[in-house]
Amino acid sequence: MAAGVAAWLPFARAAAIGWMPVASAPMPPPPREMRRGQDGLIILNVSGSKFQTWKNTLERYPDTLLGSTERDFFYHEETNEYFFDRDPDIFRHILNFYRTGKLHYPRHECISAYDEELAFFGIIPEIIGDCCYEEYKDRRRENAERIQDDEENNEANDLVLPSLSFRETMWRAFENPHTSTMALVFYYVTGFFIAVSVMANVVETVPCGYAPNRVKEMSCGDRYALAFFCLDTACVMIFTVEYLLRLIAAPSRYKFVKSVMSIIDVVAIMPYYIGLVMTDNEDVSGAFVTLRVFRVFRIFKFSRHSAGLRILGYTLKSCASELGFLLFSLTMAIIIFATVMFYAEKGSSASKFTSIPAAFWYTIVTMTTLGYGDMVPKTIMGKIFGSICSLSGVLVIALPVPVIVSNFSRIYHQSQRAEKRRAQKASKQAGQALVCKINPTFETQHHHLLHCLEKTTNHEFVDEQTYETNFMEVTMTKPPMSCSSSMSSSPHALSSCCSRRNKRKSFNVPNSNMTGGRRGSIQELSTIQIRERPLSNSRSSLNAKFEETLPLNSEEQPYITAAVISMPTPPGTTPEGGDSTSSTDFLRSNIVRVSAL
Amino acid sequence: MAIQGMELFAVAVVMLLFFIMLKQFGIWEPLGLDESFDCDLELSMVRHQPEGLDQLQAQTKFTRKELQSLYRGFKNECPSGLVDEETFKSIYSQFFPQGDATTYAHFLFNAFDMDRNGSINFEDFVIGLSVLLRGSVTEKLRWAFNLYDINKDGYITREEMLAIIKSIYDMMGSYTYPSVREYAAFEHVEIFFQKMDRNRDGLVTIDEFIETCQRDENIMSSMQLFENVI
């Protein structure tokens, strides 16, 4: 990452000597090296465990506690070390972050403890390496959900606020039956009537003995028609009253009407009312009889009374895609074998395999090893394929069901992970932008290197949009006013923090002193740099928003970038002259210029 | 009863599907070589240890502490102790995101890899750096000549120079001001040869090169530029 690349920068700069003999223009002077002093060891005492590292290692990330002067608050003079009263096990990972540039999340650690340590040491969790990022996010989500569940449970168990309206009390009574005795009574009564209604539906189809002048046996429903009718009426009345009460009490009627339970309620009681309306019409009564099958939906009303049913329903809903694929593969196998069996049995006489769809039944029965025997192949080829079908049925259905289930659970989670990763990527990049504040020394040196390259070739870096605009205006004589547009984001750590340079000088003198002064630069939109922007000194021209790029008239004043906030004073007047003798002047003016990337 | 064409085809398809299914579940492997073992066997990583600190100190102009610091950084990035060309190109390209630095990195790699074995070890690295940062101007010029002389025959030809210059322009990328024209590199090479090639024989020798550079103020001053990089 940034640490790695920064380590090679001195090499890249040294290799720039290769450009010198072919350079078209004189080179800019180098930035002044801020002699940091000898690189020394730092002792970090974390609750008794001593960690040691080079000072440079810690200073790679100057916006964390350890990399900035904030650590001085923890300096312990008597023992000449920095003492932190924190968890040494987690600190190990934090220190490894400085060393390797990658933050790892240990699985055995508690997520909240880890988060606290990260917050203490000023490290943003978004920079956790890819290897551990998913695990971290999953654990975090779990934790958040657990906390939320706890809160909800606590709320549910809280005492009733006195100021609930009647409607709200009623709704609460419906949803949580154990809140009051009335609600409990209501709950049991409805449950009883659901059971009674379902039992009545079942019993009314049982044959109940012979009627006097009929040959066929009568069902109980026909024999005791009045009794069953009264029972049905009573149940439906209860259900209707319950439904209306729920409808009145619901805080959001529209949402209630749309919910699954209310649809079940409606479907359960509708047949009765339709039957009331249509008893005399002979044509429709046939259809009406079929409608009575919907009365069985009353059994689903039990799901309000049973949490287990609800969980089952939810599980099925969540596994819908795996089940769908299983069904699809079975359908494929069924179609294949049915086709084969049909063609194999085509020749035999009086074959039951009259069509491929007819052979579906045979295939399903054979593959699930039911083997009813109502359709059997008679030809030899048919028998061969029939046996292959039943053998593969065992394989296709019985054996891989656990394999398929676990495979698809894995694949499903993987695709979910891919989705999750995609969703997390956006926030991760945002977080990385926050964190990616490279050493300012590195920045200046890197820009000096790029500037040397420009001098060698006598061309300059510009951003894409400026390039386009300049391409259009080939013959202009005035200095080009270019706007800084947002740069295409690049995954490099380098470029995400380096800003685009905006060239504003007059271009008719190729070899003039182009260094320093007359460059304006517009800061790239990096979140941390936006935050820092108010900190940097700005000239009056910078009072404008940073989107308003170059004011047209203030040619004299270079801008100060926020890339180096350690430079408190803006450059003096117009720092004209590239080979300025005073290195401080140049340093400032050099800071001003930030090359485009 | 004779099996007609369609049924034969159906039979064949079903057989095929059946065997595929078996193979899928790992129950029946087709007779094949046991290739699985070869893939897992990887060569142990090639590793390189540098010579001792004393020898390096004798060969280069770095102090002991500087060598230690350099090695620590080097080892951190390349734990195996060797940098191959691809890694080198990718590292160097990160400094020039707007252009394509791979060609120039290739030339640079060859300049550093003195024993031409395809990888840079720490000795190559540090000896090269010693010349660039602590060497005399003549040594630096010699190093630059060695860089430009791609086939290391002691002469820089126009083609070699053109390749070098083009690679430098490639590093600039396409978004530059003024935009790089087709013949910019040619012109640059011409300027170079006019300056350097004394006897107009189309070749630049090391002596011509050093002599010309020593007369050029800009070049001499720019050679001192990176003295205090480390």
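Only this structure's heavy atoms are used, side chains among them; waters, hydrogens and symmetry mates stay out. Sequence lines set the chain letters: A, B, ... in the order given, protein chains first and strands last, and positions in each chain run from 1.
When atom types are taken as modelled, the side chain of B/H188 and the backbone of A/T457 share no donor-acceptor pair closer than 3.5 angstrom.
At a 4.5 Å heavy-atom cutoff, the contact between B/F125 and chain A is made by side-chain atoms alone. For B/Y148, the part sitting under 4.5 Å from any heavy atom of chain A is the side chain, from C-beta outward, and nothing else. Contacts of B/V126 with chain A are absent, with no heavy-atom separation under 4.5 Å from either backbone or side chain. For B/L17, the part sitting under 4.5 Å from any heavy atom of chain A is the side chain, from C-beta outward, and nothing else. For chain B, the nearby parts of A/W19 are the backbone and the side chain; heavy atoms of each come within less than 4.5 Å. Heavy-atom distances place the side chain of A/V340, and not its backbone, under 4.5 Å from chain B. The contact between B/I168 and chain A is made by backbone and side chain atoms together, counting heavy-atom distances below 4.5 Å. Both the backbone and the side chain of A/L453 have a heavy atom closer than 4.5 Å to some heavy atom of chain B. Residue B/I165 touches chain A through its side chain alone, counting heavy-atom pairs closer than 4.5 Å.
Taking all atoms of both residues into account, the shortest heavy-atom contact from A/A15 to B/Y104 is O-OH, 3.8 Å. The two residues B/L129 and A/A14 have their closest heavy-atom pair at CD2-CB, 3.5 Å.
Expressed to the nearest 0.5 Å, how far CG of A/L9 lies from CD of B/Q94 amounts to 11.5 Å. Here CG of B/N218 is found 9.0 Å from CE of A/M27. Values are rounded to the nearest 0.5 Å. Distance check, rounded to the nearest 0.5 Å: CG of B/L132 to CZ of A/R13 gives 12.5 Å. The structure places CZ of A/F385 at 11.5 Å from CZ of B/F18, a figure rounded to the nearest 0.5 Å. Atom-to-atom distance recorded for A/I17:CD1 and B/L141:CG is 9.0 Å, nearest 0.5 angstrom.
Checked against a 6.0 Å centroid threshold, the rings of A/F461 and B/F96 do not count as neighbours.
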(message) Between A/F11 and B/F95, is the side chain to side chain contact (heavy atoms under 4.5 Å, CB included) condition met? List the steps.
(response) CA-CA 11 Å; A/F11 165 78; B/F95 292 108; over 6 Å; no
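The candidate from A/G18, A/A333, A/A12, A/P21 with the greatest count of non-hydrogen atom pairs under 4.5 Å with chain B is A/P21. Listed options B/M196, B/E217, B/M223, B/R72 were ranked by heavy-atom pairs under 4.5 angstrom with chain A; first place goes to B/R72.
Counting heavy atoms of neighbouring residues, nucleotides and ligands inside a 6.0 Å radius, atom NZ of B/K166 does not exceed 12 of them. Residue B/R142 qualifies as open at atom CZ: its count of foreign heavy atoms under 6.0 Å is 12 or below. Within 6.0 Å of the CE atom in B/M15, the count of heavy atoms belonging to other residues, nucleotides or ligands does not exceed 12. Surrounding CD1 of A/I380 are at most 12 heavy atoms belonging to other residues, nucleotides or ligands under 6.0 Å away. Surrounding OH of B/Y155 are at most 12 heavy atoms belonging to other residues, nucleotides or ligands under 6.0 Å away.
Within the 4.5 Å cutoff, side-chain heavy atoms of B/M172 are placed close to those of A/E454.
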